[in-house]
Amino acid sequence: MASSYYQEMQEVFRNNNKSREFQAHNAKVHSVAWSCDGKRLASGSFDKTASVFVLEKDRLVKENNYRGHGDSVDQLCWHPTNPDLFVTASGDKTIRIWDVRTTKCMATVSTKGENINICWSPDGQTIAVGNKDDVVTFIDAKTHRSRAEEQFKFEVNEISWNNDNDMFFLTNGNGCINILSYPDLKLIQSINAHPSNCICIKFDPTGKYFATGSADALVSLWDVEELVCVRCFSRLDWPVRTLSFSHDGKMLASASEDHFIDIAEVETGEKLWEIQCESPTFTVAWHPKRPLLAYACDDKEGKYDSNREAGTVKLFGLPSDS
């Protein structure tokens with residue numbers, strides 16, 4: 001028996017299943033993220049820049065392009081409660097904090113290695129950044145100084161605080177989820193989550209679950225309190241690169257090199273919808289208030305010049321007749 005939520009969302013997507021693309025960069029887009037108020041979308045690219053769009057009714061309007069990094073912008077995220085600030089992590093061994101009101105770089109913080117992942121603590125006070133050498137640096141968001149630095153003996157893939165800000169999670173190359181206490185960074189638990197490389201991790205907005213995606217093409221859903229796996233989603237065939245929970249915590253989008261994005265109902269594991277893509281997907285992000293999904297794929301420009309990357313961001317969930 002399908003849940004009433006399932007039926008409701010099926011109806012929503014039947015009427016709103018259009019995707020639109022918007023030019024953001026001149027090389028592939030690695031990361032997309034919404035500001036906490038949902039008014040802006042930021043994207044980071046291989047072209048060394050970040051772009052910010054304003055969401056107007058059913059489209060994204062480019063507001064600005066942020067230059068300054070000397071290498072690819074691999075990941076970015078917004079301040080959890082201030083919709084004007086976002087931070088970018090780059091291969092140039094720096095992170096940069098930007099303010100959309102002045103469009104300037106507020107701070108450049110040098111780190112020890114090439115940065116590949118970044119997250120902002122739920123209380124807004126700390127930025128954690130991980131590099132290619134598996135060092136995670138914790139940076140004070142006000143003073144821009146390093147508070148702590150932790151070298152791990154395994155491949156660190158994605159990092160995240162829990163919603164309560166008292167635990168810090170890492171997914172690693174051995175298929176484990178390492179859970180550290182915060183701020184003292186003592187290992188609380190290491191969970192053998194997957195038989196192969198554990199790639200991405202996301203917490204749901206309600207704080208009930210977190211999800212991990214793995215090289216075994218599985219997405220697993222975990223109970224935050226019990227730290228047990230509640231269910232698995234297995235509709236993808238390729239390593240799961242990116243995950244996002246909807247604003248109500250009831251939908252989970254996951255994507256990979258498969259040419260579709262899976263949208264699952266969290267409580268049942270059932271497939272709610274499938275967004276068709278023409279190429280692998282690097283990044284997905286649900287809007288913080290509406291059933292709109294931003295994403296970016298490894299698209300090529302046109303059918304003839306297959307070497308040139310398109311650099312577009314896409315928005316799914318627009319009215320079918322728009």
Side-chain angles (χ1 to χ4, degrees), residues 5-25 29-45 50-64 75-81 83-84 86 100 200 202-206 211 213 219 233 241-256 259-267 270-279 281-297 299 310-322:
Y5 182 79
Y6 181 89
Q7 286 160 334
E8 178 194 335
M9 290 319 297
Q10 286 274 301
E11 182 65 21
V12 167
F13 292 141
R14 268 198 296 275
N15 298 321
N16 301 276
N17 59 25
K18 193 165 166 186
S19 282
R20 261 201 194 143
E21 57 180 58
F22 304 90
Q23 194 58 43
H25 297 277
V29 177
H30 288 304
S31 179
V32 291
W34 293 98
S35 57
C36 59
D37 60 3
K39 288 181 182 163
R40 287 181 169 86
L41 180 80
S43 57
S45 166
S51 284
V52 171
F53 292 86
V54 175
L55 178 65
E56 290 183 4
K57 211 164 130 235
D58 288 327
R59 62 195 188 111
L60 291 169
V61 178
K62 194 158 176 184
E63 183 179 59
N64 244 304
Q75 210 176 31
L76 52 78
C77 62
W78 291 83
H79 187 290
T81 52
D84 298 320
F86 71 98
V100 297
C200 45
K202 279 291 181 298
F203 281 77
D204 94 38
T206 70
V219 175
F233 308 90
R241 286 185 178 171
T242 175
L243 297 167
S244 180
F245 280 98
S246 57
H247 66 95
D248 55 8
K250 291 181 177 179
M251 292 187 286
L252 179 62
S254 52
S256 64
H259 287 191
F260 67 91
I261 297 168
D262 183 75
I263 297 179
E265 181 177 16
V266 170
E267 285 302 343
E270 278 193 83
K271 179 169 89 175
L272 265 175
W273 205 261
E274 189 175 281
I275 304 169
Q276 294 302 317
C277 309
E278 283 166 21
S279 53
T281 301
F282 291 121
T283 176
V284 295
W286 281 111
H287 188 276
K289 293 174 182 173
R290 294 166 55 188
L292 282 176
L293 187 77
Y295 62 103
C297 304
D299 289 342
T312 56
V313 299
K314 297 180 170 66
L315 196 55
F316 163 80
L318 301 172
S320 313
D321 52 16
S322 69

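These numbers come from the heavy atoms of this one structure, side chains and all, not from hydrogens, waters or symmetry mates.
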**Nearest-0.5 Å distance that lies between atom CD in E265 and atom CG in L272** = 5.5 Å
**Asked** Is the closest side-chain heavy-atom distance between R241 and T281 below 4.5 Å?
**Response** no
**Asked** Got a second to check how far L293's CG is from L315's CG, nearest 0.5 Å?
**Response** 8.0 Å
**Request:** Please name the pair of heavy atoms, one in L76 and one in A50, separated by the smallest distance, quoted to 0.1 Å.
**Result:** CD2-CB, 4.3 Å
**Request:** Considering non-hydrogen atoms only, spot the tightest contact between V313 and A24 and give its length.
**Result:** CG1-CB, 3.9 Å
**Request:** Kindly indicate whether the side chain of V12, heavy atoms from C-beta on, has any atom under 4.5 Å from the side chain of W273.
**Result:** no
**Message:** Before you tell me yes or no, could you show the steps for Y5 and D248 under side-chain contact (heavy atoms from CB on, under 4.5 Å), namely the whole-Å CA-CA distance, both residues' side-chain angles and the distance that decides it to 0.1 Å?
**Reply:** CA-CA 11 Å; Y5 182 79; D248 55 8; 3.0 Å; yes
**Asked** Less than 4.5 Å apart, any side-chain heavy atom of S254 and any of D262?
**Response** yes
**Prompt:** For G213 and L243, which heavy atoms make the closest approach, and how far apart are they?
**Reply:** N-CD1, 3.7 Å
**Asked** Is there a side-chain contact between V100 and F86 (heavy atoms, below 4.5 Å)?
**Response** yes
**Message:** Determine whether V266 and D204 satisfy the following criterion, side-chain contact (heavy atoms from CB on, under 4.5 Å), listing intermediate values before the conclusion.
**Reply:** CA-CA 10 Å; V266 170; D204 94 38; 5.9 Å; no
**Request:** Could you tell me whether a side-chain N or O of R20 sits under 3.5 Å from a main-chain N or O of D58, the two making a donor and an acceptor?
**Result:** yes
**Item:** Reported CZ-to-CD distance for the pair R14 and E11, which is rounded to 0.5 angstrom
**Value:** 5.0 Å
**Asked** Does the pair T283 and H30 meet the rule for a side-chain contact (heavy atoms from CB on, under 4.5 Å), with working shown?
**Response** CA-CA 7 Å; T283 176; H30 288 304; over 6 Å; no
**Message:** Using the salt bridge (Lys or Arg N to Asp or Glu O under 4.0 Å) criterion, which residues pair with D84? Sequence neighbours excluded.
**Reply:** R101
**Request:** Say whether, by atom type as modelled, one donor and one acceptor occur between the side chain of T242 and the main chain of V284 under 3.5 angstrom.
**Result:** yes
**Request:** Would you mind reporting whether R290 and N16 have side-chain heavy atoms less than 4.5 Å apart?
**Result:** no
**Request:** Kindly give the heavy-atom pair with the smallest separation between L252 and A211, and that separation in Å.
**Result:** CD2-CB, 3.8 Å
**Request:** Quick one: closest heavy-atom pair of A294 and V32, and the distance?
**Result:** O-CG2, 3.9 Å
**Asked** Do the non-hydrogen side-chain atoms of K62 and F22 ever get within less than 4.5 Å of each other?
**Response** no
**Request:** Report, as yes or no, whether the 6.0 Å neighbourhood of atom CD on E278 holds more than 12 heavy atoms from other residues, nucleotides or ligands.
**Result:** no
Just list the side-chain donor-acceptor pairs under 3.5 Å for residues 35-42, sequence neighbours left out, or say none.
residue: S35; atom: OG; partner: D37; partner atom: OD1; Å: 2.7
residue: S35; atom: OG; partner: K39; partner atom: N; Å: 3.4
residue: S35; atom: OG; partner: R40; partner atom: N; Å: 3.1
residue: S35; atom: OG; partner: R40; partner atom: O; Å: 3.4
residue: D37; atom: OD1; partner: K39; partner atom: N; Å: 3.0
residue: R40; atom: NE; partner: E63; partner atom: OE1; Å: 2.8
residue: R40; atom: NH2; partner: E63; partner atom: OE2; Å: 2.9

**Message:** Exactly one of H287, H79, H247 should register a ring-ring contact (aromatic ring centres under 6.0 Å, His included) with W34. Which one does?
**Reply:** H287
**Prompt:** Short question: side chain of Q23, backbone of H25 - any donor-acceptor pair under 3.5 Å?
**Reply:** yes
**Interatomic spacing from OH in Y295 to OG in S244 - rounded to 0.5 Å** = 13.5 Å
**Item:** CE on M251 to CZ on F13, rounded to 0.5 Å
**Value:** 4.0 Å
**Item:** side-chain contact (heavy atoms from CB on, under 4.5 Å) between N17 and F316, intermediate numbers included
**Value:** CA-CA 7 Å; N17 59 25; F316 163 80; 4.1 Å; yes
**Request:** Working to the nearest 0.5 Å, report the span between OG of S19 and CG of L292.
**Result:** 10.0 Å
**Request:** Identify the two heavy atoms, one from K18 and one from P319, that lie closest to each other, and give their separation to 0.1 Å.
**Result:** CB-O, 3.7 Å
